[in-house]
Amino acid sequence: MKALMPSFNYEKAAKAQEIMANLIDDVGLSDRKYEKILGLDASYLNDLSCSVAVLYNARKGKVIKVSSALLKNKVPYVPGFLGFREASAFLASAQEIDLSDVDLILVDGHGRFHPRLAGSAVQVGLVLGKPTVGVAKKPLKAEKIDERGYVWLKGRVVGKVLNEPKGAKRLYISVGNEISLEDAFEVVKLLRPGKGLPVPLNIADRLSRRLMEYALRRSEKGYIRRFGLRRKQAS
DNA sequence: GCGACAG
DNA sequence: ATCTTGTCGC
């Protein structure tokens with residue numbers, strides 16, 4: 001059977017992740033203020049990904065700017081290699097955002113909480129050279145999650161479980177780049193007034209879905225032809 | 001062979 | 001991620 005992407009080599013990708021893991025700055029600047037936050041999330045349909053970037057002013061509680069990108073996926077989803085599939089989509093959606101105007105980037109997915117300590121948030125953080133945090137709804141394999149919610153992997157702390165506010169679904173927070181785990185945890189906690197995702201990610205999540213639906217509805221104007229989609233069979 | 005396994 | 005009906009709860 002023909003591989004989906006002959007040029008993608010998982011062994012080399014794993015090596016690249018190990019290199020990236022060594023480049024992470026998990027200290028950051030201690031006096032940093034995180035006011036303008038960029039949230040990155042994506043939804044999927046067949047071979048398409050729709051990524052949305054939401055720039056949010058946390059102090060004013062207002063959205064500053066939104067941008068998006070609809071792309072054809074080049075890499076299949078394989079656990080542990082998600083970054084190679086969706087980092088390009090994230091970066092494309094953030095193309096029109098002025099990064100000098102961004103204090104922190106929230107990525108839907110893991111950061112250092114990853115088998116090779118280099119999840120998609122690490123990848124985005126290193127490419128953009130910005131403080132980045134991974135926010136995931138499900139855990140990856142961990143060696144231990146202690147009573148204070150710290151996630152352990154390879155003998156070190158790689159993430160922290162966010163259980164607030166009360167009754168909210170747990171989120172797994174980890175460093176992407178240029179920030180400490182404690183700062184990452186506190187920022188996400190402040191950005192989560194309700195039970196859902198932190199505000200910028202919540203907005204990006206809902207928008208990416210709506211934009212994908214929009215793209216499908218107007219598929220007769222070229223999306224199906226351009227991307228090779230097929231309508232679902234009526235049953 | 002079976003289970004694990006972000007989005 | 002996405003596919004999906006009814007159902008429990010604020």
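It should be emphasised that the depicted structure is a prediction, and the values quoted were computed from it without experimental measurement. Convention: sequence-line order gives letters A, B, ...; per-chain numbering from 1.
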Regarding A/Phe84, tell me which of base, sugar-phosphate or nothing describes its non-hydrogen contacts under 4.0 Å with the strands shown. nothing

Can you tell me the distance, in whole Å, between the CZ atom of A/Arg85 and the P atom of C/dA1?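 Checked: the CZ to P distance equals 12 Å.
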
Could you tell me the separation between the NE2 atom of A/His110 and the P atom of B/dG7, rounded to a whole number of Å?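 These atoms are roughly 6 Å apart.
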
Would you indicate which nucleotide in C/dT2, B/dG7, B/dA6 comes nearest to any side-chain atom of A/His114?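 The listed nucleotide nearest to A/His114's side chain is B/dA6.
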
Please state whether the phosphate of B/dG7, meaning OP1 or OP2, lies under 4.0 angstrom from any side-chain nitrogen or oxygen of A/Lys137.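 Affirmative; the distance criterion is met.
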
Whole angstroms only, please: what is the OH-P distance between A/Tyr44 and C/dC3?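 In whole Å, C/dC3 P lies 14 Å from A/Tyr44 OH.
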
Mind calculating the distance between CD1 (A/Ile173) and P (B/dA6) to the nearest angstrom?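 It is 16 Å, rounded to the nearest whole Å.
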
Tell me which nucleotide among C/dT2, B/dC5, B/dG7 gets nearest to the side chain of A/Arg209. C/dT2

Which part of the nucleic acid, if any, lies within reach of A/Gly134 when heavy atoms closer than 4.0 Å are counted: base, sugar-phosphate only, or nothing? nothing

Between A/Lys189 and A/Glu186 (salt bridge meaning N to carboxylate O under 4.0 Å), is one present in this structure? yes

Measure from CG on A/Leu106 to C1' on B/dA6 and round the result to the nearest Å. 15 Å

Rounded to the nearest Å, what distance is computed from the CG atom of residue A/Leu201 to the P atom of nucleotide B/dA6? 17 Å

In whole angstroms, how far is the P atom of B/dA6 from the CZ atom of A/Arg112?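 It is 20 Å, rounded to the nearest whole Å.
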
So does A/Glu164 get a backbone contact from the side chain of A/Arg192, meaning a donor-acceptor N/O pair under 3.5 Å? yes

Just checking A/Ser120: base, sugar-phosphate only, or nothing, at a heavy-atom cut-off of under 4.0 Å?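 The answer is base, as A/Ser120 lies within the cut-off (heavy atoms under 4.0 Å) of a base atom.
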
Answer yes or no for this row: A/Tyr77 ring on B/dG7 base, centroids under 5.5 Å, planes under 30°.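 Base of B/dG7: stacked against A/Tyr77.
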
Contact summary for A/Leu40 and A/Ala53, nearest pair of heavy atoms: CD2-CB, 3.5 Å

In whole angstrom, give the distance that lies between atom NZ of A/Lys138 and atom P of B/dC5. 10 Å

Enclosure of A/Lys137 NZ (heavy-atom neighbours >12, cutoff 6.0 Å): yes

Examine distances only and state if a side-chain atom of A/Arg206 and a backbone atom of A/Arg209 form a donor-acceptor pair shorter than 3.5 Å. no

